[in-house]
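Working notes for the structure below.
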Amino acid sequence: QVQLVESGGGLVQAGGSLRLSCAASGRTFSSYVMGWFRQAPGKEREFVAAISRSGGRRYYADSVKGRSTISRDNAKNTVYLQMNNLKPEDTAVYYCAARLRSVDSGSVYIGSLYDFWGQGTQVTVSS
């Protein structure tokens, strides 16, 4: 079992930046592939980014590629999502997720393959 707590969301103007954090407790953090998903009002949850256990592999949705960076600090049991040049369409609740299964490009975006989820943090981008 692992508990995930997101922070760092807020209200920002278009073009601004935010860094989301997800602190994990419980089993060994480095055992988990970590991901970020988001859900906008009236829309389905979508994949944003993921990072392998060691941090050596990173995956991004096309919608955020080039504007976002996922990273992790296994010593601090924390995963981060740095988001730059934010757009109004980035407005959503952002969720941190953890999975024990190994990650590959074919399954990294599938939310049902993640085992644990945080409560989410709201990101609102004004135009």
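Treat the numbers as computed from the prediction; the structure is a model and nothing was measured.
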Between [atom1] on residue [X] and [atom2] on residue [Y], distance to nearest 0.5 Å:
{"X": "Ser127", "Y": "Lys87", "atom1": "OG", "atom2": "NZ", "answer": "14.0 Å"}
{"X": "Thr91", "Y": "Gln122", "atom1": "OG1", "atom2": "CD", "answer": "7.5 Å"}
{"X": "Phe29", "Y": "Thr78", "atom1": "CZ", "atom2": "OG1", "answer": "6.5 Å"}
{"X": "Trp36", "Y": "Tyr60", "atom1": "CH2", "atom2": "OH", "answer": "12.5 Å"}
{"X": "Ser7", "Y": "Arg19", "atom1": "OG", "atom2": "CZ", "answer": "9.0 Å"}
{"X": "Asp73", "Y": "Ser30", "atom1": "CG", "atom2": "OG", "answer": "11.5 Å"}

For Ser71 against Val79, the heavy-atom pair lying closest together |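 Closest heavy-atom pair between Ser71 and Val79: O-CG2, 3.1 Å.
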Heavy-atom pair of closest approach, residues Gly118 and Tyr95 =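 Taking Gly118 first and Tyr95 second, the nearest heavy atoms are O-CD2, 3.6 Å.
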Applying side chain to side chain contact (heavy atoms under 4.5 Å, CB included) between Phe37 and each of Tyr109, Tyr114, Tyr94, report the one that passes.
->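 Of all the options given, the one that passes is Tyr114.
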If hydrophobic clusters are built from ILVMFWY residues whose side chains come within less than 4.5 Å, do [X] and [Y] share one?
{"X": "Leu113", "Y": "Val33", "answer": "yes"}
{"X": "Phe116", "Y": "Val103", "answer": "no"}
{"X": "Val64", "Y": "Val12", "answer": "yes"}
{"X": "Met34", "Y": "Val48", "answer": "yes"}
{"X": "Leu18", "Y": "Val125", "answer": "yes"}

A side-chain contact here means heavy atoms from C-beta on lying under 4.5 Å apart; do [X] and [Y] qualify?
{"X": "Val93", "Y": "Arg45", "value": "no"}
{"X": "Arg99", "Y": "Ser107", "value": "yes"}
{"X": "Leu81", "Y": "Ser68", "value": "yes"}
{"X": "Arg38", "Y": "Glu46", "value": "yes"}
{"X": "Leu20", "Y": "Tyr80", "value": "no"}
{"X": "Val123", "Y": "Met83", "value": "yes"}

Whether the side chain of [X] engages the backbone of [Y] through a donor-acceptor N/O pair (distance < 3.5 Å, no angle test) should be reported.
{"X": "Asn85", "Y": "Arg67", "value": "no"}
{"X": "Arg58", "Y": "Ile51", "value": "no"}
{"X": "Glu6", "Y": "Thr121", "value": "no"}
{"X": "Asn74", "Y": "Arg53", "value": "yes"}
{"X": "Arg57", "Y": "Ser52", "value": "no"}

I would like to know whether Leu100 and Ser31 meet side chain to side chain contact (heavy atoms under 4.5 Å, CB included); could you show each step before the answer?
-> CA-CA 6 Å; Leu100 283 169; Ser31 300; 4.3 Å; yes
Count the heavy atoms belonging to other residues, nucleotides or ligands that lie under 6.0 Å from CD of Gln119, then report whether that count exceeds 12.
->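 Atom CD in Gln119 is not packed in, count stays at 12 or less.
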Using a distance-only test with no angle check, is there a side-chain donor-acceptor pair under 3.5 angstrom linking Ser25 and Gln3?
->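 Present: a donor and an acceptor within the cut-off.
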